[in-house]
Structures are given as structure tokens and as C-alpha cells.
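There's a structure below that I have some questions on.
Heavy-atom basis, side chains included; hydrogens, waters and symmetry copies ignored. In what follows, chains carry the letters A, B, and so on, assigned in the order in which the sequence lines appear, proteins first and then strands, with residues in each chain numbered from 1. Owing to the predicted nature of the structure, the values given are computational and were not obtained by experimental measurement.
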2 protein chains.
Amino acid sequence: MVTLAEVARHAGVSASTVSYVLSGKRSISATTRDRVERSIEELGYHPNAGARALASSRSNIIALMMPLRTDMYVPVMMEIALAVATTARTHGYDVLLLTGEEGPAAVRRVAGSGLADAMILMDVELLDARLPLVREAGRPAVLIGLPADTTGLTCVDLDFAATGALCAEHLAELGHREIAVIGEAAAVYERHTGFAERTVEGLRRRARELGLRTLHRPCEGGYASLAGTLARIFGERPGTTGLVVQNEHAIDPLLSLLREQGRAVPEDVSVVAVCPEQVALQASVRLTSVAIPAQEMGRRAVELVMEKLEGRGRPRSTLLPPELTVRASSGPPPARG
Amino acid sequence: MVTLAEVARHAGVSASTVSYVLSGKRSISATTRDRVERSIEELGYHPNAGARALASSRSNIIALMMPLRTDMYVPVMMEIALAVATTARTHGYDVLLLTGEEGPAAVRRVAGSGLADAMILMDVELLDARLPLVREAGRPAVLIGLPADTTGLTCVDLDFAATGALCAEHLAELGHREIAVIGEAAAVYERHTGFAERTVEGLRRRARELGLRTLHRPCEGGYASLAGTLARIFGERPGTTGLVVQNEHAIDPLLSLLREQGRAVPEDVSVVAVCPEQVALQASVRLTSVAIPAQEMGRRAVELVMEKLEGRGRPRSTLLPPELTVRASSGPPPARG
DNA sequence: CTGAAAGCGCTAACAA
DNA sequence: TTGTTAGCGCTTTCAG
């Protein structure tokens, strides 16, 4: 294994010079730099990560804690994770993948050992068991999701309350008066994951202001479950003309079932989805939707982590503004009677 | 920050004793061990990862290289990754997440710096650009997927040739004579990802033996694309009564379109899918399918890595045997005429 | 602009 | 069963 000392000898300079060439932390004459770089190249030198971490007390690693949930939509999680990983690389950091398996203790282990310089937590719940540990970990952390108490924390999330409101507004403007929300699985609400509840609250509040009647039904996703949900919705509120879906597993079944029931979209029922763009575009009807900006969230989280690692940046929450794109699934309600 | 030396002082023993209590690499009297463990507890000691890595030249980290492809089915990738992470933890290892972004050079960087002790590569292509680097990296590696030349390499994969054969057999036994394969996106074949081609080859070979006619059509997934694919299949081979789908994005559209076209499943057309169990179960018809054992693949990969890290275990490929589960989507073909 | 040298915290011989 | 100690390879003062 090639060491820095060997590079130094080969280039006829001191170890510190090689180190500084690598880090750029002090000015080096062009000739020296050239010589060192050539030696590095020739010898195929790679700085040892462990030695670096020990000497500098920085590992250049960010821990990413993912949940192990089965009820979250996987592609979004994945897109966030990949965005985190690639963005981190552009800042010279690698990403350590932690699953929820280990529980909150993982926070302590990774922070305490200095394995990671900072951490990003995904799928944060309103009262997340990891938060106390994060606060006392003494390492920069960024949450993806919004807990109940954000004091001292930095969070990134889509503004789901505004998202719900936006959906209500869009349907109201089109002239709808009765709308229903097909939500996430019941477990998601019970766990108080925040985003799902915020969407519904935002939608309800705005709907009230606009004089819309609303109904909210959680849904497991899949055909069987959705058939039941749909039946109950139209059973309780036959006048429903607008549906807001926040559940990726419900979208395909929803469109299929509506078609089978002879309800045309958007002539008889308008559908607005809260989902990733790709899902909205690949459905059998191009869906009017509010996009979930997964990549943006991952990217932002890393950038906030970097700010903290560099000493700039204090706790603050970033709520990304929702954007609604009108496509083929929404339109005016059918004429009354 | 609490160091091993402080623990030693606090417990009234030497540093090496603390180290050995931690590693269990030599016998310690019960009393000493107790004292040390109590000190560790009281002081809240966590061994420093960098120092450990430097002194032992082992980071206890496994690198996991994921692709950035958009045409692979994400939940499978994710399931593998999570299985890798949790299994690694049970062996005391953490997982570093590398995306394809950095290209093959990531292999060199991670191996050369000693950041990871071993690596697992996902989505390996027949002629994968990372393989030369893996071979010369001098670190244990396990591939998920099967390249063209496996000499000196350890691979894990579902036996896709046998999978294809199994699908052909099932349909043949039911009495079908003309079957079609709805495959992955064309790009997947062009890239020579192996698994997709192997399935079709295995299916074709067995079909020939059984006297079945076959047709294979790649498909992008989504409604529009699938409608075209389906039209071409039934246009060229009106007698087709069995469909094998190896494309998760095609499943929902396929079932919807068949229904709309008045082709009943399985009365008019049998459908056999190659997909994760969950997908087979959540479709509008419970699908006869060969499962993609994502978790098992992740778990196996880690176990093979561990064997190598412990010195046991030479290069060898593990092909997991496919299992076909008969559900509601396959049955005898309609009576002729 | 460059060098010398003191650690960083831990592991693993080597001794006892 | 336990202690002593020499590094592991790099960063970063402190000197020059």
C-alpha cells in the first residue's frame, strides 16, 4: 500500500507538503505541486481514509437513516437516498446507509464513534424517538420531514399543508363543491408521520374557507382495498365530484375502478394526485398533480448539512412550496341534475 | 470525547486490556471485564472508528454500488439494499452507499483508500466496466447479477434461465401452444444486463423442447407502450394464449388493457409474471408468478462477503432456484375453434 | 513557500 | 491473566 510518506520521498519533498498539496490548505509553488502530483499519479497513491479520519477527526461521511417501513412509497425513498448520495459526493462526502432496524441507538453509535460527521434522517415522525438522541449527539443533523417540535432542528420537507390547500383551490376553481381525499394507509396516520396529516389539515382548512365539503378516507392501496374505499365514499357522499389521492398504491386501481364503474375522468370525477411526476405521467390518464420533489429534498438536505459542517447555518426549516400541474384528469364537475 | 485511555485509567487497567475486552481476542478475568464494562458504561465510551480502522486496517464497512438507472424496478433495488444493510449490521459491518454516478472509478477510490473492506455490486452487466477494477482492487467483492465472464468472481443471482424455462413448462402443462413474452424496456436488452436475456433464452430453449411457439417483445411499460406491444403480439400471433411478463411497469396496464379488450384472465389468456411477490399479490388479478427473491439476494451477498473477509470462501456463483407459485391468472387455454 | 515533528486513538505484537 | 509499547498514515502546529 502506497503511503503519503512514500509519495513524499518519491517527489523529494516533506510529508506535510504532500498533505498540503492534497488539501490545498496552504499555497504551494507550481513546480512542487507538479512534482507531487506526478508522484501521486505514478505511485497510484490513495490517502488512507482511517488515518485521515483519525488525524483530522472528520470522516467525510454522512449517515443517512432510512426507515424500514413497508407502507411508504419506495421509489420516493430511493430517489431521496440517491440524491443524497450523489450530492454528497459533489462535496467530497460519502454516505453511510442506516436502516431503522437498529433503532434510535444507531444515532448514538454513529455519532459517538465518529463514523459519520453528520446525519440525515428520513421519514421523521411527529414525535420521533430519534430526536432526543439527535439533539444530544452534538453532530449536525438534517431531518427530511417535520416533527412536532422543531426547536434546534433543521428540517426539509414539501409544504404538505400548502399542498392540501392547493388541491382544494384547484378543485374549487373548477367549480367542485364536494371532494374526497383518498389517503395513505391507516398505519401512516396512526404513526403520526406528519406529512399525511398535514395535507389533510391544509386541505380541510382551505376547503372550509372556500365552502367545499370534504371527506377523508385512509386506504391501504391495491384493488380490493380501494374498491371498498371508493364504495364508502360514493355511498356517504353521492355528490362527490373531486378526488384527491395521496397514496401511490391507490392510483392505478383508482383509475381502473372508476373506468369500470363508468365514471369518466374528468367528465364525471376529477382526480388530483399528490405523487412523484413520473407516477402522474405514467398513469392511464395523465394526472393533474402536485409533485413530490424527492430529488430536491435530498439535495437540499445535503446542502444544509454542508452549511452546518462549515459552521455557517443555524437551525431552520425549509418548506418547499408545492406546485400543481394541470393535466388531463381534472376539469369542471358535471352539470347538476 | 472519551478515549480508550480514559476508560483504562478509570477502570485501573491498561489500554490493551480495555481493547481486548472490546474485541474478545484474549481471555479476561470476569472481575476485570466487569470493571472495564462498568467504566465504559459510566463514561459513555464509544471506540473511535477512524483510529480503529487505522490501527487494524479494517474499516468494518462494506461498499454497496447501486446503479442510477431509471429503467430498473426500484423497489427490488431498494429491498436488496436494505437487506444488505441489515444483514451487514448483524455481522458488525456498516454499508456505504455508492451510486453509479461516479462511474467505475468509485471502485478504485473506495478500495484504494481503505474506506471499505469489501464491496457488493448491484445490477451487473454482462460486460461490466467495473469488473476489471474489481479484479485488481484486491478486496473481496460479490456481484449481484451475472456477468459474461465470472472467472475469479463471486456472484449471486436468481437463475433466470431456469425461471424462463419454468414459465414455459407451466404454460405447456396447462396446454398452451403459443406464448409471448412481454419483456423489459429495449434499453435493458441493449445494455446486456444479462437477467432479461437469460430469462428469454431459458424460456425459448424449453419452449422449443416442449413444442411451443414463442414471441418476445420488449416493452417500455406504461399504458401507451403496452397497448402497442399487445396489439403487435396479437396481430402477429392471434393464437397466443399465454403471456409471460417480465416488467413490473407493464403488469397493471396489461391487466387493465386485457380487461378492456374483453380478454378474460385466465379464461382467454393466461398471464405468468416474473416479479416480486408483493406485486403479484397486489395486482387486480392475483398473478401466477416466479418471485424475485430480493431480500435473499441481499442476504446471500453479505454472507458471501463475510466468508471472504474471514478467509474462507473462494470464488463461486450462487444461482438461486426459481419458484413458481400458481395463482389466479393462469389456467388451461380456451377450447379451440 | 517548505520542513520537522508531535500527536490523533487504537491494535497487536512482545513481555511478564 | 495483564501490561508495555511500537506503530498505523495522516494533519497541523510551530519553525524557518
Point to revise | Presence of salt bridge, B/Arg108 and B/Glu102, under 4.0 angstrom | key: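 Result for this pair is no, no salt bridge flagged.
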Review point. Quick one: is D/dT11 close enough that its OP1 or OP2 comes under 4.0 Å of any side-chain N or O from A/Arg52?
Key: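 Answer yes for this pair, as a side-chain N or O of A/Arg52 is under 4.0 Å from OP1 or OP2.
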Review point. In whole angstroms, how far is the C1' atom of C/dA6 from the CG atom of A/Leu54?
Key: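 For the pair A/Leu54 CG and C/dA6 C1', the rounded distance is 13 Å.
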Check your understanding: The side chain of A/Leu4 lies closest to which of these nucleotides: C/dA13, D/dT12, D/dC10?
Key ->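 Selected nucleotide (nearest to the side chain): D/dC10.
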Check your understanding: Do A/Thr193 and A/Arg191 have a side chain donor and acceptor closer than 3.5 Å?
Key ->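 Judged by distance alone, the side chains do pair up.
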Review point. Between the base of D/dT4 and the side chain of B/Ser16, is there a donor-acceptor distance below 3.5 Å?
Key: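 Looking at the base of D/dT4, it does pair with a donor or acceptor on the side chain of B/Ser16 (distance under 3.5 Å).
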Check your understanding: Are OP1 or OP2 of D/dG3 and a side-chain N or O of B/Ser14 less than 4.0 angstrom apart?
Key ->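 For D/dG3, OP1/OP2 do have a side-chain N/O of B/Ser14 under 4.0 Å.
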Point to revise | Rounded distance in Å - CZ (B/Arg58) to C1' (C/dT11) | key: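 These atoms are roughly 12 Å apart.
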Check your understanding: How is B/Thr3 classified with respect to the nucleic acid when contacts are heavy atoms under 4.0 Å: base, sugar-phosphate, or nothing?
Key ->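 Here B/Thr3 touches the backbone only, sparing every base.
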Exercise for review: Ignoring hydrogens and angles, state whether a donor on the side chain of B/Thr17 or B/Ser14 is under 3.5 Å from an acceptor on the partner side chain.
Suggested key: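 Present: a donor and an acceptor within the cut-off.
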**Study point:** Interface with DNA chain D, restricted to residues 18-44 of chain A and to heavy atoms under 4.0 Å
**Key:**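 The stretch gives A/Ser19, A/Tyr20, A/Lys25, A/Arg26 as the residues lying under 4.0 Å from the strand, ordered by number.
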Check your understanding: Under 3.5 Å, is there a donor-acceptor pair between the A/Ser19 and A/Ser16 side chains?
Key ->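 Distance-only check fails for A/Ser19 and A/Ser16.
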Review point. Looking at A/Thr17, does any N or O in its side chain come under 4.0 Å of the phosphate oxygens OP1/OP2 on C/dG3?
Key: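 Result: yes.
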Review point. Under 3.5 Å, is there a donor-acceptor pair between the side chain of A/Arg130 and the main chain of A/Ala105?
Key: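 Between the backbone of A/Ala105 and the side chain of A/Arg130 there is no qualifying donor-acceptor contact (under 3.5 Å).
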Practice item. Provide the full list of ring-ring contact (aromatic ring centres under 6.0 Å, His included) pairs with a residue in residues 6-57 of chain A, sequence neighbours left out, each pair given once. Key: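 For residues 6-57 of chain A, and leaving out neighbouring residues, there are no ring-ring contact (aromatic ring centres under 6.0 Å, His included) pairs at all.
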**Study point:** Side-chain ion pair, A/Arg38 and A/Glu42, N-O less than 4.0 Å
**Key:**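 Not counted as a salt bridge, because no side-chain N and carboxylate O are separated by less than 4.0 Å.
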Exercise for review: Calculate the interatomic distance between A/Arg9 atom CZ and D/dG9 atom C1'; express it in whole Å.
Suggested key: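 So the CZ-C1' distance, A/Arg9 to D/dG9, works out to 13 Å.
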Exercise for review: Work out how much the helix from C/dC1-D/dG16 to C/dA16-D/dT1 bends between its end axes, five pairs an end, to the nearest 10 degrees.
Suggested key: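 Taking five pairs per end, the axes differ by 30°.
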Practice item. May I ask you to say whether B/Glu296 pairs ionically with B/Arg299, meaning some side-chain N is under 4.0 Å from a carboxylate O? Key: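 Answer for the salt bridge query: yes.
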Review point. Taking the side chain from B/Asp157 and the backbone from B/Leu319, do they hold a donor-acceptor pair closer than 3.5 Å?
Key: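 No; zero donor-acceptor contacts below 3.5 Å.
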